[in-house]
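What follows is a short report on a single structure.
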Amino acid sequence: MPELPEVEVVRRGVQQWASHARVTDVEVLDDRSLRRHAQGPEDFIARLAGQRLGESYRRGKYLWIALDEGYLALVIHLGMSGQVLISDPDIADPKHLKIRITISKNDRIQELRFVDQRIFGGLYLDTLIPAEDHPEQLIPATVAHIGRDPLDSLFDTETVFRTLRKKKSSLKRALLDQSVSSGIGNIYADEALFRARLHYARPTETLTRKEVSRVYSAAEQVMRLALAQGGTSFDALYVNVNGESGYFDRSLNVYGREGKPCVVCQEDGLETLIVRRKFMNRSSYYCPKCQPIPRRARW
DNA sequence: CCTCGCTCCTGGTCGC
DNA sequence: TGCGACCAGGAGCGAG
């Protein structure tokens, strides 16, 4: 499943191959992949066709390409299984192809193909508005409520700390809450908690500034590591913008490691086994020794 | 306003 | 071998 590092890889690919190209044709093969585009496929096609694409941006797992005209952006969310492929038109359509955007750049015709098996992702056109905390930056209106992600240079730990102190929730729930900070999914939430030696059921209002800093720094670190390795994925569904799979599972220390020894404990000569628990209807992995259950846990 | 559980969707896997 | 149950999960939405 695409996590933030994969989305950043896709953004870079889109920037290289699609930015400053002209849209010559748009084909919607499955209306369900037009997420949130209430006006329907005809409107999407009519407004996108003929446009010149501008720069590519990202916040959390939202990716968008600004259009040269009209303060509009083509917003892309990969969801669970979305892929963006840049292909020559003579290459056969892949399975689950949902939207085809034919582009022309330097007299070369290519296709930006949106492929999605589970249809949790999708595309839509949205208006660009100034970001509230930094009005020089433009952001799609539907993405404006999303917090900055840990890779954003304007990400502010102090703001997050104050937000968490006011909340009555659990730490993992807050990590996954996209209005607090964006781009942290189930996998990186578990990895960040493990590295910060904090338990997911820790009540947010009891967190110290130091602990908040630790867990978000950990999230940033593990995502930068993934990015340096070309994206995290152990799901063959994920393919980057040029159609190449990314692999990174060896760098995950807890996620998916139920019953396997904790790598930190192992260095101390202890054999603690990673535990899996149901939390928020999702799997959570943690080390019972490194991440003890807090005295006043909030499930 | 805040918190939290439900829901969308498909394909792979497992037990009987 | 067939079939149903279950699992994976981002994020919007609405109930309380």
Side-chain angles (χ1 to χ4, degrees), chain A residues 1-8 10-11 29-38 58-64 75-84 94-99 114-124 126 139-150 160 162-193 200-207 219 223 231-239 245 249 252 254-258 276-285 297-299:
Chain A
M1 53 232 79
E3 296 281 339
L4 186 146
E6 284 92 325
V7 181
E8 175 57 19
V10 172
R11 188 198 66 77
L29 294 97
D30 191 334
D31 291 1
R32 294 175 300 175
S33 290
L34 282 187
R35 290 248 139 182
R36 304 215 247 171
H37 198 86
R58 181 190 56 74
R59 178 181 287 197
K61 297 180 191 174
Y62 280 95
L63 167 68
W64 67 92
V75 184
I76 303 173
H77 198 292
L78 300 179
M80 285 289 299
S81 54
Q83 306 166 9
V84 173
K95 208 174 170 185
H96 307 302
L97 177 64
K98 303 298 184 185
I99 294 169
F114 180 71
V115 179
D116 195 6
Q117 177 201 107
R118 280 173 241 183
I119 331 184
F120 271 45
L123 274 58
Y124 58 96
D126 195 12
I139 187 161
T142 51
V143 184
H145 70 289
I146 300 282
R148 292 187 181 272
D149 61 68
V160 173
R162 291 201 197 115
T163 306
L164 294 189
R165 294 289 302 208
K166 277 182 251 165
K167 273 189 166 298
K168 289 222 176 328
S169 193
S170 57
L171 179 52
K172 183 165 178 182
R173 196 178 282 280
L175 284 168
L176 297 173
D177 184 340
Q178 303 294 297
S179 69
V180 177
S181 71
S182 61
I184 304 175
N186 198 41
I187 296 172
Y188 286 137
D190 280 5
E191 291 298 319
L193 287 166
Y200 57 79
R202 179 70 180 273
T204 45
E205 70 273 24
T206 67
L207 287 162
M223 289 195 288
T232 308
S233 196
F234 33 80
D235 192 330
L237 287 171
Y238 167 70
V239 180
S245 292
D249 49 319
L252 299 178
V254 271
Y255 187 86
R257 301 194 66 248
E258 182 185 20
R276 177 166 68 122
R277 291 281 178 275
K278 216 61 174 167
F279 180 66
M280 293 173 66
N281 254 343
R282 301 276 185 267
S283 285
S284 282
Y285 299 86
R298 182 175 286 129
W299 315 98

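Naming: A, B, ... by sequence-line order, numbering from 1 per chain. Remember, it's a predicted structure, so these values are computed and weren't measured experimentally.
Each of A:Ile184, A:Asn186, A:Val254 was scored for a side chain to side chain contact (heavy atoms under 4.5 Å, CB included) with A:Glu191, with one residue passing: A:Val254.
Counting any heavy atom pair closer than 4.0 Å across all strands shown, A:Lys278 reaches sugar-phosphate atoms only and no base atom.
Within the 4.5 Å cutoff, the side chain of A:Arg257 has no heavy atoms near those of the A:Tyr285 side chain.
Regarding contacts with the backbone of C:dG12, a side-chain N or O of A:His145 is found under 4.0 angstrom from either OP1 or OP2. Put simply, A:Ser283 has a side-chain N or O that comes within less than 4.0 Å of OP1 or OP2 on C:dA8. Remark: A:Tyr188 is not in phosphate contact with C:dG10, judged by side-chain N or O atoms under 4.0 Å from OP1 or OP2. Between B:dC9 and A:His96, no contact under 4.0 Å exists linking OP1 or OP2 to a side-chain N or O.
The distance from atom CZ of A:Phe279 to atom C1' of C:dA8 is 18 Å, rounded to the nearest whole Å. Nucleotide B:dC9 holds its P atom 19 Å from the CD atom of A:Gln83, rounded to whole Å. The interatomic distance linking A:Gln178 (CD) with C:dG12 (C1') rounds to 11 Å, in whole Å. As rounded to whole Å, 14 Å separates atom C1' of C:dA8 from atom CG of A:Asp116. A:Met280 has its CE atom 10 Å from the P atom of C:dG10, to the nearest Å. Look at CG on A:Asn281: it is 13 Å from P on C:dC6, rounded to the nearest Å. Between A:Met80 atom CE and B:dT7 atom P the separation is 18 Å, expressed in whole Å. Computed from coordinates, the A:Ile187 CD1 to C:dG10 C1' distance equals 12 Å when rounded to whole Å.
Nearest to the side-chain atoms of A:His77 among the listed nucleotides C:dG12, B:dG11, C:dG10 stands C:dG10. Among C:dG10, C:dA11, B:dG11, the nucleotide with an atom closest to any side-chain atom of A:Glu3 is C:dG10. With distances taken from any side-chain atom of A:Lys61 to the nucleotides C:dA8, B:dC8, C:dA11, the minimum falls on C:dA11. Here the nucleotide nearest the side chain of A:Arg282, chosen from C:dA8, C:dA11, B:dG11, is C:dA11. In this structure, of C:dG10, C:dA11, B:dC6, it is C:dG10 that holds the atom nearest to the side chain of A:Phe120.
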Extract from the structure each pairing of a protein N or O with an N or O of nucleotides 2-4 of chain B at less than 3.5 Å, listing the distance.
{"residue": "B:dT3", "atom": "OP1", "partner": "A:Lys168", "partner atom": "N", "Å": "2.8"}
{"residue": "B:dT3", "atom": "OP2", "partner": "A:Lys167", "partner atom": "NZ", "Å": "2.9"}
{"residue": "B:dC4", "atom": "OP2", "partner": "A:Ser169", "partner atom": "OG", "Å": "3.1"}
{"residue": "B:dC4", "atom": "OP2", "partner": "A:Arg173", "partner atom": "NE", "Å": "3.3"}

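A tilted orientation is assigned to the rings of A:Tyr200 and A:Phe279, their planes being inclined by 30° to 60°.
Under the 3.5 Å distance criterion, with hydrogens and angles disregarded, a donor-acceptor pair is assigned to the side chains of A:Asp126 and A:Thr142.
Minimum heavy-atom separation, A:Lys168 to A:Glu205: CA-OE1, 4.0 Å.
Using a distance-only test at 3.5 Å, with no hydrogens or angles considered, no donor-acceptor pair links the side chain of A:Ser181 to the main chain of A:Gly147. Judged purely by atom type and a 3.5 angstrom limit, A:Arg59 uses its side chain to pair as donor or acceptor with the backbone of A:Ile146.
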### Message
Show me the dot-bracket string of DNA chain C, counting Watson-Crick or G-U pairs under 3.5 Å, with | for pairs to another strand and [ ] for crossing ones.
### Response
.|||||||||||||||
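Ionic pairing of A:Arg58 and A:Asp149 is present here: one or more N-O contacts between side-chain nitrogen and carboxylate oxygen are shorter than 4.0 angstrom.
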